[in-house]
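Order of the sequence lines fixes the chain letters, A, B, ..., with proteins taken first and strands second; residue numbering starts at 1 for each chain. No hydrogens, no waters, no symmetry mates; every other heavy atom, side chains included, goes into these values.
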Amino acid sequence: MQLQLQYFLLLAAALFCIGIYGLITSRNAVRVLMSIELLLNAVNLNLMAFSNFLDPQTIKGQVFTVFVITIAAAEAAVGLAIVLSIYRNRETVDMEQFNLLKW
Amino acid sequence: MDLAQGVQLVSFGILSLMMIGSALGVVLLTNIVYSAFLLGGVFISIAGLYLLLNADFVAAAQVLIYVGAVNVLILFAIMLVNKREDFAPIANRWIRKAATALVCVGLFALLGTMVLATPWSLYTGPAVVGRNSAVEIGQHFFSDYLLPFELVSVLLLMAMVGAIILARRDFIPEELVPPDSQAIAASTLPERPRELASAGSPTPRER
């Protein structure tokens, strides 16, 4: 009995579901950004598991993971800047009150 | 089961417990500062899982970028918007939470059955030993993934400029705007455009 691919995939699926739950139910805008980071990390874990178990010779999954980490850093910077400017405009971080673009 | 496999299994169990517990804490705790620190715990545990998957370079990058940059950035954002506010209660909010939890559990069940039912074509060749993953990744970056690599660098530059422009505060002093001018009636936004505010003042001084 050794480490299987399925263990990592199930772990990543659990992390992804926790991230989606936090993304939908949390009302603090910063917590929504944290949930997005959880989602991206779940995807990264999937990519790394596939890279180790299906393709250990040309580790292309790790290359994709590095790309995803880069995109996540850019996303965090831009997202937090948006949260800051919204907070300065509306004096709140409540997601329920960010309804400027609602019909 | 020899010693190495046992060590791997035990560390996998500890790391996965840490990761799931911290992730639940990130989502469920009410104090957001605790959530931010637990997010760092999630990132550290994922770096440990990467080490179990024979990826030393990506584990180091995960610790450096996520724990060192993203988590610190989130902590700074929390401190900048640190207003302890009680959100106005919404009627029937528990229905929303319960429905979301139901959907997430269903999604996990779907993904789990898919993972367990799919016949993965596992690598069965000779074990790959003694290769440097950093060298391998670098060769990929500069041969077959050169265009995405350069595009990502351009995207990082764009994100940096965009974040600076979005978060920069255009400070418009109140005393420069006369109280009976058209500018106040025309703009009801808390942050007025700069041209509108300076047009209403006789001597437009900009800070």
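- Atom CD of A:Q4 is separated from atom CZ of B:F12 by 10.5 Å, given to the nearest 0.5 angstrom.
- With rounding to the nearest 0.5 angstrom, the CG atom of B:L24 is 9.5 Å from the CG atom of A:L15.
- Contacts between B:A23 and chain A at a heavy-atom distance below 4.5 Å involve backbone atoms as well as side-chain atoms.
- Here the closest heavy-atom approach between residue B:A159 and residue A:A74 is recorded as CB-CB, 3.5 Å.
- When B:I164, B:L28, B:L29 are compared by the number of non-hydrogen pairs under 4.5 Å with chain A, B:L29 comes out ahead.
- Inter-residue side-chain proximity for B:H140 and A:T58 is flagged as met; some heavy-atom pair is nearer than 4.5 Å.
- Of the listed residues B:A61, B:S133, B:G162, the one with more heavy-atom pairs under 4.5 angstrom with chain A than any other is B:S133.
- Taking OG from B:S16 and CG from A:L10, the interatomic distance works out to 11.0 Å, rounded to the nearest 0.5 Å.
- The candidate with the highest count of non-hydrogen atom pairs below 4.5 Å against chain A, out of B:L52, B:L116, B:V70, is B:V70.
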B:D144 vs A:V63, test: side chain to side chain contact (heavy atoms under 4.5 Å, CB included). Steps then yes/no.
CA-CA 11 Å; B:D144 48 350; A:V63 180; over 6 Å; no

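- Contact annotation for B:A36: both backbone and side-chain heavy atoms come within less than 4.5 Å of a heavy atom of chain A.
- Residues A:M48 and B:Q62 fail the side-chain proximity criterion, which asks for heavy atoms closer than 4.5 Å.
- Of all non-hydrogen atoms in A:R88 and B:R168, the two that sit nearest each other are NH2-O, 3.2 Å.
- With a 4.5 Å cut-off on non-hydrogen atoms, A:S51 does not touch chain B at all.
- Proximity to chain B (any heavy atom under 4.5 Å) is shown, for A:V78, by both the backbone and the side chain.
- Across every non-hydrogen atom of B:Y145 and A:F64, the tightest pair is OH-CE1, 3.4 Å.
- Between B:L9 and A:Y7 there is a side-chain heavy-atom pair separated by less than 4.5 Å.
- The candidate with the highest count of non-hydrogen atom pairs below 4.5 Å against chain B, out of A:A14, A:S26, A:A72, is A:A14.
- Using a 4.5 Å cut-off between heavy atoms, A:L80 contacts chain B through its side chain alone, with no backbone atom that close.
- With 3.5 Å as the limit, one finds no donor-acceptor pair spanning the side chains of B:Y50 and A:Q62.
- Using a 4.5 Å cut-off between heavy atoms, B:I74 contacts chain A through both its backbone and its side chain.
- With hydrogens and angles left out, the side-chain atoms of A:E37 and B:N71 include no donor and acceptor closer than 3.5 Å.
- Only the side chain of A:L5 comes within less than 4.5 Å of a heavy atom in chain B; its backbone stays farther off.
- In this structure, chain A has heavy atoms under 4.5 Å from both the backbone and the side chain of B:F108.
- Side-chain contact check for A:F53 versus B:L53: some heavy-atom pair is nearer than 4.5 Å.
- For a residue to count as touching a neighbouring chain, one of its non-hydrogen atoms must lie under 4.5 Å from one of that chain's; by this rule A:F50 touches chain B with the side chain only.
- Here the side chains of B:Y66 and A:L40 are in contact, with some heavy-atom distance below 4.5 Å.
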Could you tabulate the donor-acceptor pairs under 3.5 Å formed by side-chain atoms of residues 37-49 of chain B, not counting sequence neighbours?
unit_1: B:S45; atom_1: OG; unit_2: B:G41; atom_2: O; d: 2.6

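- For B:I20, the parts lying near chain A are the backbone and the side chain together; criterion is any non-hydrogen pair under 4.5 Å.
- With rounding to the nearest 0.5 angstrom, the CD1 atom of A:I24 is 13.0 Å from the NZ atom of B:K97.
- In this structure, chain A has no heavy atom under 4.5 Å from any part of B:D2.
- Among A:L45, A:I71, A:L33, the residue making the largest number of heavy-atom pairs under 4.5 Å with chain B is A:L45.
- Of the listed residues (A:L84, A:V30, A:D94, A:L9), the greatest number of heavy-atom pairs within a distance under 4.5 Å of chain B belongs to A:D94.
- Taking every heavy atom of both residues into account, A:V66 and B:F141 meet most closely at CG1-CZ, 3.6 Å.
- For a residue to count as touching a neighbouring chain, one of its non-hydrogen atoms must lie under 4.5 Å from one of that chain's; by this rule A:E91 touches chain B with backbone and side chain alike.
- Considering all non-hydrogen atoms of both residues, B:I32 and A:R31 come closest at CD1-N, 3.9 Å.
- In this structure, the portions of A:L11 lying under 4.5 Å from any heavy atom of chain B include both its backbone and its side chain.
- Put simply, OG1 on B:T118 and CD on A:Q6 are 8.5 Å apart, with the number rounded to the nearest 0.5 Å.
- Among A:I20, A:L23, A:T65, A:T25, the residue making the largest number of heavy-atom pairs under 4.5 Å with chain B is A:T25.
- For A:T70, the parts sitting under 4.5 Å from any heavy atom of chain B are the backbone and the side chain alike.
- Between chain A and the options B:A77, B:G112, B:S35, heavy-atom pairs under 4.5 Å are most frequent for B:S35.
- When A:V83, A:I59, A:I82 are compared by the number of non-hydrogen pairs under 4.5 Å with chain B, A:I59 comes out ahead.
- Across all their heavy atoms, B:Y123 and A:P56 have their closest contact at CD2-CG, 3.1 Å.
- For chain A, the option among B:A69, B:A55, B:S153 with the highest count of heavy-atom pairs below 4.5 Å is B:A55.
- The choice from B:T124, B:I137, B:V103 that makes the most heavy-atom pairs within less than 4.5 Å of chain A is B:I137.
- B:I90 is listed as a side-chain neighbour of A:R27, based on a closest heavy-atom distance under 4.5 Å.
- To the nearest 0.5 Å, atom CG of residue B:L166 and atom OG of residue A:S85 are 5.5 Å apart.
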